Participant: 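The structure follows.
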Amino acid sequence: GNGLTVNNSGFVGGFLSTINHTILGTDEAGNPGLGNLQKCVLINNASNILIGSLDSQLRVVMSGCTEAGLKLAGQATSTIRVLNTFFGVAPDGNNGVGNGGDGVLISESAHDNNIGGQGENEGNTIAFNGGAGVRIDETAGTGNNVDPNVMFANQGLGLDIGSQGA
């Protein structure tokens with residue numbers, strides 16, 4: 001299964017849910033081998049969710065899962081904001097605990113989502129993953145924004161848009 005799955009939920013006018021101060025796929029020391037069978041987090045046909053926090057003490061870590069760290073999928077998946085989150089990086093911010101697939105995967109008509117941001121502590125660190133840092137595949141909807149993030153040492157491209165690796 002997945003570390004966390006959010007299915008078929010939505011809210012208009014603000015954030016329905018906030019996910020913060022969470023470590024998925026590894027432990028506080030960054031030990032590998034605690035990975036979930038698939039994705040650390042799957043958001044499917046859900047909207048208005050904030051993942052992360054400007055406060056680094058409330059950071060989210062999605063590392064060591066066998067597939068993507070975060071997958072956004074489904075026509076109703078929109079207005080997901082991800083900030084100050086580690087993908088493929090241990091909680092200490094230094095060591096690699098890569099996910100088996102992409103750090104972030106946006107697909108299946110998911111649209112109008114925001115990965116990172118321009119303000120202080122809004123960017124994500126996305127590194128050491130088995131695929132791209134962020135992949136917006138050919139099935140994704142429009143309006144997905146990847147603002148400044150720190151991406152390095154991924155096996156795929158830092159930002160991969162369209163067919164994989166194209």
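No hydrogens, no waters, no symmetry mates; every other heavy atom, side chains included, goes into these values. Heads up: numbering here begins at 1 and tracks the sequence. Note that this is a predicted model, so its numbers are computed, not measured.
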Participant: Of the options N124, T125, V60, N154, which is the one that meets F87 in a side chain to side chain contact (heavy atoms under 4.5 Å, CB included)?
Facilitator: N124
Participant: Closest approach of V134 and V146, non-hydrogen atoms and distance?
Facilitator: CG1-CG2, 3.9 Å
Participant: Once rounded to the nearest 0.5 Å, what's the spacing between atom CD1 of I43 and atom OG1 of T77?
Facilitator: 7.5 Å
Participant: Looking at CG of N95 and CZ of F86, how far apart are the two atoms once the value is rounded to the nearest 0.5 Å?
Facilitator: 11.0 Å
Participant: What are the two closest heavy atoms between A90 and G30, and how far apart are they?
Facilitator: CB-CA, 3.9 Å
Participant: Roughly how far, to the nearest 0.5 Å, is CD1 of I49 from OG of S78?
Facilitator: 9.5 Å
Participant: Are I23 and V89 connected in a single hydrophobic cluster, I mean Ile/Leu/Val/Met/Phe/Trp/Tyr linked by side-chain heavy atoms less than 4.5 Å apart?
Facilitator: yes
Participant: Locate the shortest heavy-atom distance separating S107 from K71; write the atom from each residue and the value.
Facilitator: OG-CE, 3.3 Å
Participant: Verify side chain to side chain contact (heavy atoms under 4.5 Å, CB included) between N20 and L50, making sure each step is shown before the conclusion.
Facilitator: CA-CA 8 Å; N20 61 33; L50 173 63; over 6 Å; no
Participant: Please find the pair of heavy atoms, one from G52 and one from T85, that lie closest to each other, and give the distance.
Facilitator: CA-OG1, 3.8 Å
Participant: Decide whether L58 and V41 are clustered together by the hydrophobic rule: side chain heavy atoms of Ile, Leu, Val, Met, Phe, Trp, Tyr closer than 4.5 Å, transitively.
Facilitator: no
Participant: Identify the two heavy atoms, one from N129 and one from G88, that lie closest to each other, and give their separation to 0.1 Å.
Facilitator: OD1-CA, 3.6 Å
Participant: Quick one: closest heavy-atom pair of N114 and G116, and the distance?
Facilitator: ND2-O, 3.6 Å
Participant: Has N149 got a side-chain atom pairing as donor or acceptor with M151's backbone, closer than 3.5 angstrom?
Facilitator: no
Participant: Check the hydrophobic clustering (I, L, V, M, F, W, Y; side-chain heavy atoms under 4.5 Å; chains of links allowed) and say if M62 and F128 are grouped together.
Facilitator: no
Participant: Roughly how far, to the nearest 0.5 Å, is the CG atom of L54 from the CG atom of N121?
Facilitator: 6.5 Å
Participant: Below 4.5 Å, heavy atoms only, C-beta onward: do S53 and N84 meet side chain to side chain?
Facilitator: no
Participant: State plainly whether one hydrophobic cluster holds both I80 and V104, where clusters connect Ile, Leu, Val, Met, Phe, Trp and Tyr through side-chain heavy atoms under 4.5 angstrom apart.
Facilitator: yes
Participant: Quick one, N99 and C40 - any side-chain contact, counting heavy atoms below 4.5 Å?
Facilitator: yes
Participant: Side chain of D160, backbone of R135: donor and acceptor closer than 3.5 Å?
Facilitator: no
Participant: For atom CD of E138, decide whether the heavy atoms of other residues, nucleotides or ligands shown that lie under 6.0 angstrom number more than 12.
Facilitator: yes
Participant: Which value, rounded to the nearest 0.5 Å, describes the distance between N45 atom CG and E108 atom CD?
Facilitator: 9.0 Å
Participant: Can you measure from CD (Q118) to CG (L83) and round to the nearest 0.5 angstrom?
Facilitator: 13.0 Å
Participant: Answer whether the closest heavy-atom distance between the side chains of K39 and C65 falls below 4.5 Å.
Facilitator: no
Participant: Is the closest side-chain heavy-atom distance between E67 and L105 below 4.5 Å?
Facilitator: no
Participant: In terms of hydrophobic clustering (I, L, V, M, F, W, Y; side-chain heavy atoms under 4.5 Å; direct or indirect links), are L159 and I106 co-clustered?
Facilitator: yes
